[in-house]
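Contents: one structure, followed by commentary.
Values in this document were obtained by computation on a predicted structure and should not be read as measured data. Every chain is numbered from 1 and lettered A, B, ... according to where its sequence line falls, protein lines coming before strand lines.
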Amino acid sequence: MSRSAARQARRSAPRTPPGTPLARAFYDRDTSVVARELLGAVLESRSPDGVASVRIVETEAYVGPHDPACHAAAGITPRTKYLFGPPGIAYVYLIYGMYWCFNAVTREEGLGSAVLVRAGAPLAGEELMMRRRPRVRSRVELTNGPGKLCLALDVGAANNGSWLDEPPVRILAGDSVPDRDVVVTPRIGITKAADWPLRYFIGGDPFVSKTPASFPRTGWPPALRDTSG
DNA sequence: ATCCGGATCGCCT
DNA sequence: GGCGATCCGGATG
């Protein structure tokens, strides 16, 4: 192991063992860091129909009231109530009157910041997810978007405000994704703060919702480059 | 491959 | 009255 690799390993010190829920303290940190570190984690939903889970491959950070694209910028409403709740709960909201979007609330209670989970790769319960999305023809359409993900996992209003370390919807530690595989770009589908680079995805993963024709392999954090050696 | 409109609810001006 | 952190189906190069 090289000197820099050893440094790297030490910096990412106490990893949660794969398959165990991420601790509530995991979410009580800078929202962009949480967004980055949720890549590779497992989003799992349990229902009477069975268990379904995905490996998270795409996230976006919505960093608080100073972020014009964040729902927190409009203040507390019945709809955004849980966005302002404690870190480690779900914020699930209805978009376009029709689809649900799933977020993990971050940082301190009352700030109003969260990570949108935009896409995942099926791990368990793929048949169940297919049954929930009968019109889907190809495998990637199952979970390659925030609304699709919620349909496949049956995430909706009932999960709003619930803790993410407890069923029915949990986030579990998964494999760690190396910086060289992480791509950072502006968030998509928004018009305000459209150039803020707060979207994170695993480069080349087929389940990413929209992959640019070419994207920088900047890794993460963008400024960190190993110049030793 | 890309563009467009429709569906439909919460909250804004 | 309008605009979304979207998805789907249909029309068009």
Stem segments of DNA chain B by first residue number [Watson-Crick or G-U, under 3.5 Å, at least 3]: B:1-7 with C:6-12, B:9-12 with C:1-4
Which residue lies toward the 5' end of DNA chain C, A:Gly147 or A:Thr191, if each is placed at its nearest nucleotide? A:Thr191
What is the distance from CD1 of A:Ile76 to C1' of B:dG10, rounded to the nearest Å? 16 Å
Whether A:Asp165 side chain and A:Ala23 backbone form a donor-acceptor pair below 3.5 Å: no
Give a yes/no on whether any side-chain N or O of A:Thr77 is located under 4.0 angstrom from OP1 or OP2 of B:dC11. yes
Could you check whether the rings of A:His66 and A:Trp196 sit parallel, tilted or perpendicular, using 30° and 60° as the cut-offs? tilted
Could you work out which one of B:dC11, C:dC8, C:dA5 sits closest to the side chain of A:Tyr91? C:dA5
Could you state the atom-to-atom distance from CG of A:Leu149 to C1' of C:dA5 in whole Å? 14 Å
Starting at atom CG of A:Leu83, determine the distance to atom P of C:dA5, rounded to an integer number of angstrom. 13 Å
Should A:Arg118 be listed as having a side-chain N or O under 4.0 Å from OP1 or OP2 of C:dT6? yes
Name the nucleic acid region contacted by A:Leu94, choosing base, sugar-phosphate or nothing; use a 4.0 angstrom heavy-atom cut-off, strictly under. sugar-phosphate
Salt bridge or not between A:Glu141 and A:Lys148? Use side-chain N to carboxylate O under 4.0 Å. no
A:Arg55 bridged to A:Asp175 by N-O distance under 4.0 Å: yes
Interface residues of residues 96-106 of chain A with DNA chain B (non-hydrogen, below 4.0 angstrom): A:Tyr96, A:Gly97, A:Met98
Mind calculating the distance between CZ (A:Arg135) and P (C:dC8) to the nearest angstrom? 9 Å
Using only atom types and a distance under 3.5 Å, with no angle test, would you say the side chain of A:Thr31 pairs donor to acceptor with the backbone of A:Ser113? no
In whole angstroms, how far is the P atom of C:dA5 from the NZ atom of A:Lys210? 13 Å
Between A:Leu116 (CG) and C:dG4 (P), how many Å, whole number? 16 Å
Any idea which heavy atoms bring A:Pro65 and A:Ala72 closest together, and the distance? N-CB, 3.8 Å
Nearest whole Å is fine: how far is C:dG4 P from A:Ile188 CD1? 15 Å
Determine the Euclidean distance between corresponding C1' atoms of C:dC8 and B:dG10; express it in Å to zero decimal places. 22 Å
Separation of atom NZ in A:Lys81 from atom C1' in B:dG10, rounded to whole Å: 16 Å
At under 4.0 Å between heavy atoms, what does A:Arg137 touch on the DNA or RNA strands: base, sugar-phosphate, or nothing? nothing
When you measure from the side chain of A:Arg79, which nucleotide among C:dC8, C:dA5, B:dG10 comes out closest? B:dG10
Please check if the distance between the ring centroids of A:Phe84 and A:Tyr82 is under 6.0 Å. no
Do side-chain atoms of A:Thr80 reach the backbone of A:Gly75 as a donor and acceptor pair under 3.5 angstrom? yes
Validate the cation-pi geometry between A:Arg187 and A:Tyr200: distance from NZ or CZ to the six-membered ring centre under 6.0 Å, angle to the ring axis within 45°. no
Whether A:Arg29 engages the ring of A:Phe26 as a cation-pi pair (distance to the six-membered ring centre under 6.0 angstrom, angle to the ring normal within 45°) should be assessed. yes
